[in-house]
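Throughout, a chain's letter reflects where its sequence line sits, starting with A, and its residues are numbered from 1.
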Amino acid sequence: MPRIRLCLRWGEIEEFSNAKALKGGNALQKGNIEAKQGRAGWAFVTPATVMIFIMSFYPMVEAFITSFRTGSSAAMKWANPFSFNYTRMFQDKVFVTSIGNTFLYLIIQVPIMLVLAILLAQILNNRHLMAKGWFRTMIFLPCATSLVSYALIFKSLFSTNGLINSFLVNLHILSEPYNFLGHPASAKIVIILALIWRWTGYNMVFYLAGLQNIDYAVYEAAKIDGASSWTTFWSITVPLLRPTIVMTFIMSINGTLQLFDESVNLTNGGPANSTITMSHYIYNNSFGTGVANFGYASAMAFLVFIMVAVLAFINIKVGDTRD
Amino acid sequence: MKKKVLSMLMIAAMTGSLLAGCGGSSGGGSDTGSTSSGDSAEEASSDDSSAEGGDNSLSVYAWDASFNIPALEAAGEDYKNNVDSNFELNIVEQSASSDVENAITLAGSSGDYSQLPDIVLFQDHYFHKFNVDYPDAWLDVDDADIDWSDFGEEKLSYSMIDGKHFGVPLDNGTVVAAYRTDILEDCGYSLDDMTGITWDRFIEIGKDVYEKSGKYLVSMPADGNDMPYIMLQAEGVSQFEDGQPNLTDNETVVKIYETIAQMINENVLYMPNDWTGYTNESIVGDMVCGVMNGNWIIPTIEQVADNSGKWAITSMPTLSGDEGYASNGGSSFYITSNCKNPELAKDFLAKTFGGSTETYDNALKNGGVITCCISAGQSDVYQEGVDYFNGQPIYSDIVEMSSKVKPIEQSDFHYSLRNNTDTAIVNMVNGMAVGDALKDAQDQTVFEMGGN
């Protein structure tokens, strides 16, 4: 009589002696449990939801309102004309430069990084590779360093009396130290190198996880059919990894458009604003140079938000295989 | 059961820490302990509330443990010994001057000034802008018992608004042109050859020195380049006219920027990328034979013990060849609107930084802070020769030079303009025409000024 025992366990016994009553009782019980679980679920979710609303959504709404206001942050008034901050940013040469810089990082760095990540993942997914756990850890390790400290390390590496210059001068590749961070083109390259170093391993981990979800039998079948590893990669790995690729693309685009630490700590936007990013300029307009122009900064932040949303949307549409 | 107890404990701990984090200011209050330099930010809030309770205590924000904090400690001791033995000064150390600026921005934006200390040390160039933006954050000190004529006119212009005094000056930003006399001598020059010369002559000497010794005559960071400002102040010219930036139409300004670009291109002026490069690489790293900046740069020069006795200071070159005097940086004390006892704060500032030789002597000895107070600069301590500068009485020399600095038009957008001219200088060095680069800088500054 397992059913009765179950009932007993739930502590409501005597009156449910006949089968019909037992059945009804069970239904009642089930409802209670569901309600109880539901309540427990809400109890767990509510604090987080309330926090997100207070800490994220409420500030977002406030920032949106602020983006239509101007003046000292102690006494802000509505902008006149209403869209003043939004039209203003397109006449702002530095902001336009910062958009250009950010997109340059995006266009050059993201593809290089993702291709490298997928190649590394492919290599490290080899079953016969020795010490692959060690290799994986090594490649992922840069992600464990803090953004500020790695930016400062790159800064000292590429400074005029830094390690890279010492190497190049001692190997007679350069006759005298080159000021990498003092020239617009080389400063941009250093930032891109730093970004690749920092984020490749991070994306590789996603690809590795994706690759491990692909059945090895598929590859064996391809081998039996005589497919070269190149064909295997393009016809099997890439299509099957598509969801992961889309995800890493969106994350990288999102991350690059919001790039801040590298610009601030490696070059401080210089030389001559040639490496400044959008987020860095937004920060400068709110705290950086004591200007405290919060209305304008919020408006620029919303433009970044729209850019991220649009690019992510395009990416999802392009990556969607369903017709 | 055990698990339940444990999880309850953890929840309690988390909520507890959350509440403690948010409500820090309501706690504390009895912590009127010793004069505490080096307080963490968390302790700051309890110091604030202690200021509310105590009748004899004041809290102050300052940021440099080797410079202005020793000066404040000296003032606190002075007031305690000579005026009120129950007086307590709580010095709350900030990690940088921008922390103080951000504290004002935060308080002003939220309209809640209750977290501010009684007194803040504030950078001179920023005060006007912050006074315009957050007028409710400040109390004037106009009726404090201070002989204002004892201070240089130029210094007071930063802390005065509509003829009203808001601040009490702390340090003197007078520019020194410091040179390594040993290197100059090796190259065939003396300190006199560097005094009262034109910039053209300066460039000639600089090229020669670079050729003979491999050292640059002077350096300035690409990011935060104060060279144009101090060179122009020595000429008595401002980059602003009637509140608007005036670069392209002002012949002197254009000439100065041309000179700077020429100095960089001819290896007379070394331009490291940033401030750390300026101090650590060029000055401490011994790449230069001269330093030209506010006298607060002297402790940085003195970091190289090997070069003791080899330095000397003099005035700046100018376009005409007269001796040039300028001032760069420096800060003053301001009373915030959150001050619970403004009379005590004014009395404290008046009887210490308002002209007390005891305060200023100890501030100089312990922190290297040079006064802007003319009478305090005549004390014996100021007349002493400094070994590092080969026995030259640099402090009295600096105080004397400070009286010759000409006031020029200041602007709330001083640092905006500096950012934009930094860009212009880099562009000039990379080949852009001086006029075009200056026009860009001027346009961008005008643009930024139209933002609020």
Measuring heavy-atom distances to chain A, does [X] have an atom under 4.5 Å in its side chain, in its backbone, in both, or in neither?
| X | answer |
| --- | --- |
| B/D422 | neither |
| B/D136 | neither |
| B/T105 | both |

Item to complete: Pull out the residues in residues 163-182 of chain A that come under 4.5 Å of chain B, heavy atom to heavy atom, sorted by number.
Response: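 Heavy-atom contacts from residues 163-182 of chain A to chain B are A/N179, A/L181, A/G182.
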Practice prompt. Can you check whether anything in residues 92-100 of chain A gets within less than 4.5 Å of chain B, heavy-atom wise, and list it by number?
Written response: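 Under the 4.5 Å heavy-atom cut-off, A/D92, A/K93, A/V94 qualify.
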Measure the acute angle between the ring planes of [X] and [Y], then classify it against the limits of 30° and 60° as parallel, tilted or perpendicular.
| X | Y | value |
| --- | --- | --- |
| A/F154 | A/F158 | parallel |
| A/W78 | A/F82 | tilted |
| A/Y283 | A/H280 | tilted |

Worksheet item: Got a second to check how far B/I161's CD1 is from B/H128's NE2, nearest 0.5 Å?
Response: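 If I round to the nearest 0.5 Å, the distance is 4.5 Å.
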Discussion item. For the CG atom of B/L139 and the OH atom of B/Y334, what is their distance to the nearest 0.5 Å?
Written reply: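 The distance works out to 13.5 Å.
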[X] and [Y]: side-chain donor and acceptor closer than 3.5 Å?
| X | Y | result |
| --- | --- | --- |
| B/N338 | B/T336 | no |
| B/S332 | B/D124 | yes |
| B/Y158 | B/Q123 | no |
| A/S298 | A/T66 | no |

Worksheet item: salt bridge (charged side-chain N to carboxylate O under 4.0 Å, His left out): which pairs involve residues 45-71 of chain A, sequence neighbours left out?
Response: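 Applying salt bridge (charged side-chain N to carboxylate O under 4.0 Å, His left out) to every pair that reaches into residues 45-71 of chain A, excluding sequence neighbours, yields nothing.
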Discussion item. What residues of residues 424-436 of chain B make heavy-atom contacts with chain A at a cutoff under 4.5 angstrom?
Written reply: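 Listed by number: B/V426, B/N427, B/N430.
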Worksheet item: What do the steps show when you test B/E448 against B/N420 for side chain to side chain contact (heavy atoms under 4.5 Å, CB included), and what is the final call?
Response: CA-CA 10 Å; B/E448 280 167 23; B/N420 295 324; 3.7 Å; yes
Measure centre to centre between the rings of [X] and [Y], then say whether the value is under 6.0 Å.
| X | Y | value |
| --- | --- | --- |
| B/Y210 | B/Y216 | yes |
| B/F130 | B/F127 | no |
| B/Y270 | B/Y278 | no |

Discussion item. Counting only heavy atoms not in B/K212 (residues, nucleotides, ligands), do more than 12 fall under 6.0 Å from its NZ?
Written reply: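 Buried by this count: over 12 neighbours within 6.0 Å.
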Worksheet item: Based on non-hydrogen pairs under 4.5 Å, which of B/D223, B/V132, B/I104 is most in contact with chain A?
Response: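 Heavy-atom pair counts peak at B/D223.
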